[in-house]
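Structure first, then comments.
Only this structure's heavy atoms are used, side chains among them; waters, hydrogens and symmetry mates stay out. Note that the coordinates shown come from a computational prediction; the quantities given were computed from them, not determined experimentally.
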Amino acid sequence: MRSLDVARQACDRHLPGLRAALAEVPLLDLERPRNPGIGIFRSHGGPGLLVPAEHGGAGASPVEAMRTIAAVAAASPSLAVGTAMHHFSVATLYVVVEANGPDALETVLLQEVAAKGLLISSAGAEGRSGQSIVKPAMTAVPVEGGYLVNGSKKPCSLARSMDLLTATVALPDGALGLMFAPADLPGISVHDFWASDILAGAESDEVRFTDVLVGEDFVVRPDLDDPSGVDRLQAIGFVWFECIMASVYLGVAAALAERVFLAGRGSAAERAALGVRLDTATFLVEGLARLISQRDYDEDSLAKSVITRFAVQDAIGDAARQAVELLGGMTFLGSPEIAYLSAATQPLAFHPPSRVSSAQGLADYFAGGSFRIA
């Protein structure tokens, strides 16, 4: 499939040998807990994909990174989902480096990620059903020697392989802080949470912070407020998050659709319709990635990221259903991978923001007003 071939070429440029190494392991083996995928990713430079070249990383542009992420997802959905928040954390970390200068602690962290293959997990507000996704899941109270951090994140991908952990934290004065912490600090614990077989290899379990002492230098207050009233740090995070997650599940759907083209199933018109549906989504994601390249993080970009995500989500759902139908019942019965890939396209709907929480903001935006996320 042409768009997937383009994605694979990007992956081979930036993370040479990764796809070949993953291909040596059966797909369903890569999807199980304690699979070798994360180790393969680490050993082939995956953690440094978005680290700039001047800091020792692959230096992939946002467009090239989204293509690489889609290619990884086609090879192992669990690996792509598991490492998505690592890429998100690295992207956010680099924005802080740009704001605070090359001598900032965050610069050293970026260099360590690339040089040592460190993996960063993210314990943001995502996943807390019924609560605001812009309110931090962690609290940080100033004490002698730093901050005492408490809270819980579930699910938290890479929970059992993380070297570092990042999170937005609520400070006592109401300000938003960005925390970076070694994953082995006393008081950080990991607990079983993920019970589904789908994406079980992403290590999405619960991470708890219980009176964790985090050094003062590891909790920063980025001065990134936008004059329009949109908090720039949150806007940056949302735009990157929606782009990365859309790329992940688009790659899974493309791997399923590719089987239709390889087998020549259905009519030419049906295959063309399937390709159009997926490539439309691809163009949307790459358009959003180009906004990121322009450092365009205003309110319009925030709205466009959410619009893109919902449009891609709909396209993926349609394409997955089309692909399964065209492959036919006997193929479905004869290959558990078909059912697995089909199921693995669905969780994009569970990532924030939900349609319900976004509806009023989008309606206001389309009518000419401001866009806000609940």
Side-chain angles (χ1 to χ4, degrees), residues 6-19 38 40-72 80 83-122 158 161-168 178-183 215 217-224 226 232-233 235-241 243-244 247 285-286 288-298 301:
V6 170
R8 286 167 175 153
Q9 290 164 9
C11 184
D12 292 345
R13 280 194 297 274
H14 297 291
L15 305 177
L18 174 62
R19 285 197 314 109
I38 293 173
I40 293 172
F41 179 83
R42 195 195 296 264
S43 66
H44 286 82
L49 177 66
L50 280 169
V51 176
E54 62 265 30
H55 296 302
S61 70
V63 171
E64 287 282 280
M66 296 312 123
R67 291 171 175 171
T68 300
I69 289 167
V72 171
T83 56
M85 295 308 288
H86 166 86
H87 297 310
F88 164 83
S89 299
V90 169
T92 306
L93 187 61
Y94 183 60
V95 172
V96 177
V97 167
E98 288 184 310
N100 293 346
D103 296 329
L105 171 65
E106 293 79 17
T107 303
V108 177
L109 291 178
L110 274 182
Q111 294 168 345
E112 292 285 287
V113 166
K116 298 181 179 179
L118 302 182
L119 289 169
I120 308 176
S121 186
S122 176
L158 294 180
S161 294
M162 61 182 179
D163 301 294
L164 300 169
L165 191 142
T166 182
T168 50
L178 188 60
M179 177 194 72
F180 304 95
D217 291 341
F218 287 88
V219 178
V220 298
R221 300 177 183 229
D223 184 16
L224 298 169
D226 187 285
R232 191 164 180 260
L233 180 60
I236 290 167
F238 267 98
V239 174
W240 270 103
F241 177 80
C243 199
I244 290 171
S247 297
V285 170
E286 294 189 357
L288 185 59
R290 289 186 174 90
L291 284 180
I292 293 174
S293 293
Q294 297 166 12
R295 300 292 195 274
D296 194 348
Y297 299 118
D298 61 10
S301 296

- Nearest heavy-atom pair of Pro62 and Ala289: which atoms, and what distance? CB-O, 3.4 Å
- Task: Name all residues meeting the side-chain contact (heavy atoms from CB on, under 4.5 Å) criterion together with Phe218; count only those two or more places apart in sequence or in a different chain, and write none if there are none.
- Result: Leu105, Phe180, Val214
- Query: Are any side-chain N or O atoms of Thr83 and backbone N or O atoms of His86, one a donor and one an acceptor, separated by less than 3.5 Å?
  - Reply: no
- Query: Of the non-hydrogen atoms in Ala65 and Leu50, which two are nearest, and what is the gap between them?
  - Reply: CB-CD2, 3.6 Å
- Query: Just wondering, do Val6 and Arg67 contact through their side chains at under 4.5 Å, heavy atoms?
  - Reply: yes
- Do you know the tightest heavy-atom contact between Ile69 and Ser247? CG2-CB, 4.1 Å
- Task: Give, for atom CG of Leu109 and atom OH of Tyr94, the distance between the pair rounded to the nearest 0.5 Å.
- Result: 15.0 Å
- Message: Working to the nearest 0.5 angstrom, can you tell me the gap between Ser161 OG and Arg42 CZ?
- Response: 6.0 Å
- Note on the structure: Closest non-hydrogen atoms of Leu118 and Glu112, given as atom of the first, atom of the second and distance, are CG-O, 3.6 Å
- Item | From CA spacing to verdict: side chain to side chain contact (heavy atoms under 4.5 Å, CB included), Ile292, Trp240 | CA-CA 8 Å; Ile292 293 174; Trp240 270 103; 3.3 Å; yes
- Task: Search all heavy atoms of Ala84 against all heavy atoms of Ile244 and return the closest pair with its distance.
- Result: CB-CG2, 3.7 Å
- Message: Nearest 0.5 angstrom please: His87 NE2 to Ser89 OG, how far?
- Response: 10.5 Å
- So do Met179 and Thr168 actually touch side chain to side chain, heavy atoms under 4.5 Å? no
- Task: Check whether any side-chain heavy atom of Leu119 sits under 4.5 Å from a side-chain heavy atom of Ile38, and report yes or no.
- Result: yes
- Euclidean distance, His44 NE2 relative to Leu15 CG, rounded to 0.5 Å: 9.0 Å
- Task: Can you measure from CD1 (Ile120) to OG1 (Thr166) and round to the nearest 0.5 angstrom?
- Result: 7.0 Å
- Message: Would you compute the distance between atom CE of Met66 and atom CG of Leu288 and round it to the nearest 0.5 angstrom?
- Response: 8.0 Å
- Message: Quick check: closest heavy atoms across Pro47 and Val90, and the distance to 0.1 Å?
- Response: O-CG2, 4.3 Å
